[in-house]
Colleague: 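One structure coming up, written as structure tokens, with questions to follow.
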Amino acid sequence: MSQWWKEQVVYQIYPRSFMDTNDDGVGDIPGIISKLDEIRSLGAGVIWLSPVYKSPDADNGYDISDYRSIDPKFGTMADMEMLISQAKARGIKIVMDLVINHTSDEHEWFQKSRDKDSPYRDYYIWRPGKPGGKPPNNWTGFFTGTVWEYDGQSGEYYLHLFHKKQPDLNYKNQKVVEEIKEIMRFWLDKGVGGFRCDVINIIYKSSLEDGKYQVVARGIEHYQSQEGAHRILKELRRDVLAHYDCFTVGESVMVDLDGAKQLSDPERGELDMVFYFDHLEVDRVVARYIPKKFRAVKLLQVLTKWQQGLDWNALYLENHDQPRIVSHYGDDGVFRERSAKLLATMLFTLRGTPFIYQGQEIGMTNFDFTELSQLRDVESYNIDKLIRSFFVPARIRWNWIRTASRDNARTPVQWSAEPGAGFTGGEPWLGVNANYKDINYREQQGRPDSVLNYYKQMVALRASNDTLKYGKFIPLYAKAGVIAYSRVLGEEEYTTILNFSGKPARAAGTGPVVASNIGRDSFDGSLSPWEAVVLGKLVDGRGKVFRPVPPSVSPVP
Ligand code: NOJ
């Protein structure tokens with residue numbers, strides 16, 4: 001089957017914050033339908049929909065109580081079918097979020113499994129406690145604390161790597177695998193174009209022995225990228241995915257390059273692409289919460305490792321779990337627009353399938369939270385509790401949470417300068433960023449030099465250009481805030497130069513300007529603050545190949 005997803009740009013929708021049509025403060029499927037033309041005009045050919053299934057919302061829909069129905073707050077199955085067909089009419093495929101490591105504790109399977117004699121008992125991981133009323137092992141979860149919850153009804157504990165309302169399924173039970181296959185067929189038969197697979201490399205728990213010491217996710221060595229997970233992924237492909245024209249992208253927890261290669265090697269027949277985290281943790285100590293200084297040189301090293309190490313990358317800078325990229329790697333103050341465009345330049349000149357997260361295309365920023373009570377995300381509260389237990393002072397704690405909270409990306413999309421940012425006429429489920437009067441879709445639509453229009457240009461540039469899609473990645477130069485790399489296919493070569501700093505810089509090179517975030521049409525080697533430029537050597541011989549000039553080129557391994 002053709003690998004059509006290599007040609008496409010994916011747009012991620014986090015439904016509850018996208019567009020609300022019934023003024024209950026929560027986005028809905030009719031709201032998505034009403035914005036399909038905007039998504040098409042951006043140039044995206046795929047929408048990845050974060051969960052819209054029935055859910056009690058302990059983790060905003062990533063706790064599913066029925067995989068075959070739509071939660072009433074988002075609409076009906078008829079709305080969903082309408083979305084699939086309306087999207088199709090515009091050449092857009094819908095990709096569903098497949099959350100199968102765990103269900104909600106309100107799922108019928110779990111409710112039945114609480115009875116020790118039920119055939120569903122073995123759908124989940126139930127164990128007796130250790131003597132002295134202790135949980136079965138010492139593992140800690142992704143939302144902190146023990147992974148075991150005691151259930152009085154059956155006198156045993158069940159395993160949950162995330163919230164206690166998200167019990168983990170037991171993938172040693174083949175019946176579970178068969179159930180998942182049926183759920184996948186159900187959606188593929190409705191015409192969806194594939195799945196984004198939630199935390200897919202941790203579904204299989206090889207053993208339940210105690211884990212080695214680490215603060216969060218102690219025990220991970222017993223369930224990360226186990227042979228059992230690889231086997232199940234192969235089976236899902238063989239029995240289900242191979243029979244449909246679709247793709248999968250798997251979120252892979254704490255995955256390294258070798259692990260990602262195994263998961264996405266076409267020969268092995270597991271996933272088509274992998275979401276990894278390295279490139280967003282250049283300025284983080286251990287995962288997302290503890291910051292350190294951003295270094296562009298380090299970013300180029302990480303990009304090089306993944307660009308050259310994997311045949312095909314899932315390219316993303318934002319999603320519903322990450323802070324806004326312009327606040328993270330850019331400058332969300334004076335140079336907001338320019339740095340947002342720089343980041344777009346990078347996204348669309350790397351090799352892989354680019355993903356845009358809702359609001360990224362207008363340069364939305366992190367939320368202006370002033371206190372914890374404004375947040376809704378369960379993870380932020382648990383992390384706060386955890387770091388408090390290490391006696392981290394309140395001010396530092398708040399600073400970490402404020403900059404890294406997942407709610408930064410979950411505030412409503414800013415459609416217009418009207419009250420509620422054009423997202424809702426009601427009370428939004430999470431605050432609207434006060435900057436919506438300045439940063440909104442409508443204002444940018446009408447302005448040729450807006451971030452939105454730059455995204456459209458970059459999507460179109462990539463779409464029309466095989467070198468930007470399929471060319472080899474070659475790192476060229478990295479010093480202070482400036483990085484440069486090129487993409488090469490046959491005789492054609494494009495060079496991207498990015499100045500990740502608020503200071504002017506130099507990086508000499510010649511060639512016709514193919515893209516510029518400051519609207520230049522020629523390049524003389526001097527870079528403005530946060531400037532991004534793409535130079536081309538074209539097949540017809542116009543232009544020259546860019547070569548990094550400064551003698552003190554930092555080596556990129
Ligand atoms: C990853 C999802 O992206 C995140 O939002 C969720 O909390 C966890 N998986 C658990 O499903």
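Just follow the structure's listing: the first ligand is 1, and inside any ligand the first atom is 1. In what follows, residues are counted from 1 in the order of the sequence shown.
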Colleague: How about Lys134: does its NZ atom have over 12 heavy atoms from other parts shown lying under 6.0 Å from it?
Modeller: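 12 or below, so no.
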Colleague: Report, in ascending order of atom number, the atoms of ligand 1 lying under 4.0 Å from any heavy atom of Arg410.
Modeller: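 Going through ligand 1 atom by atom, the ones under 4.0 Å from Arg410 are 5 (O).
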Colleague: Counting from 1, what ligand 1 atoms have a heavy atom of Glu251 closer than 4.0 Å?
Modeller: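 Numbered from 1, ligand 1 contributes 1 (C), 3 (O), 9 (N).
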Colleague: Taking 4.0 angstrom as the limit, do Asp278 and Lys305 come out as a salt bridge?
Modeller: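 Yes, charged N to carboxylate O under 4.0 Å.
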Colleague: Tell me if the centroids of the rings in Phe110 and Tyr124 come within less than 6.0 Å of each other.
Modeller: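 Here the rings of Tyr124 and Phe110 have centres that are less than 6.0 Å from each other.
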Colleague: Looking at ligand 1, does His163 have a heavy atom less than 4.0 Å from it?
Modeller: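 Contact absent.
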Colleague: From the options Asp97, Val99, Asp59, select the one whose nearest heavy atom is closest to atom 7 (O) of ligand 1.
Modeller: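 Considering heavy atoms of Asp97, Val99, Asp59, the nearest to atom 7 (O) of ligand 1 sits in Asp59.
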Colleague: Using a strict 4.0 Å cut-off to heavy atoms of His102, name the atoms of ligand 1 that fall inside it.
Modeller: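 Those qualifying, in numeric order: 10 (C), 11 (O).
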Colleague: So does Asp377 pair up with Arg410, basic N to acidic O under 4.0 Å?
Modeller: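 Judged by the 4.0 Å cut-off on N to carboxylate O distance, Asp377 and Arg410 do form a salt bridge.
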Colleague: Among all protein non-hydrogen atoms, which one is nearest to atom 11 (O) of ligand 1, and what is the separation to 0.1 Å?
Modeller: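 Here the closest protein heavy atom is Asp198 OD2, 2.8 Å.
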Colleague: Surrounding NZ of Lys164 (heavy atoms of other residues, nucleotides or ligands, distance under 6.0 Å), is the total greater than 12?
Modeller: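 No.
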Colleague: Can you sort out which atoms of ligand 1 are near Asp321, meaning under 4.0 Å from one of its heavy atoms?
Modeller: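 Counting from 1, the qualifying ligand atoms are 1 (C), 2 (C), 3 (O), 4 (C), 5 (O).
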Colleague: I need the contact type for Glu379 against ligand 1. Using non-hydrogen atoms and a strict under-4.0 Å cut-off, is it side chain, backbone, both or neither?
Modeller: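 Glu379 to ligand 1: no contact under 4.0 Å from either part.
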Colleague: Output the list of atoms in ligand 1 that are nearer than 4.0 Å to some heavy atom of His320, sorted by atom number.
Modeller: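 Matching atoms, with element in brackets: 2 (C), 3 (O), 4 (C), 5 (O).
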Colleague: Record the part of Gln322 in heavy-atom contact with ligand 1 below 4.0 Å; permitted values are side chain, backbone, both and neither.
Modeller: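 For Gln322, there is no contact with ligand 1 at all, from either part.
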Colleague: Looking at Asp332 and Arg324, is there a salt bridge between them, counting it only when a charged N and a carboxylate O are closer than 4.0 Å?
Modeller: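 Judged by the 4.0 Å cut-off on N to carboxylate O distance, Arg324 and Asp332 do not form a salt bridge.
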Colleague: Could you tell me whether Lys292 and Asp283 have a side-chain N and a carboxylate O separated by less than 4.0 Å?
Modeller: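 Result for this pair is no, no salt bridge flagged.
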Colleague: With a 4.0 Å cut-off on heavy atoms, does Phe143 reach ligand 1?
Modeller: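 Yes, that is the case, since the closest heavy atom of the residue is under 4.0 Å from the ligand.
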Colleague: Using a distance-only test with no angle check, is there a side-chain donor-acceptor pair under 3.5 angstrom linking Glu179 and Gln174?
Modeller: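 There is no such pair between these side chains.
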Colleague: Show which atoms of ligand 1 fall inside a sub-4.0 Å distance from at least one heavy-atom site of Arg406.
Modeller: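 Atoms satisfying the 4.0 Å criterion: 4 (C), 5 (O), 6 (C), 7 (O).
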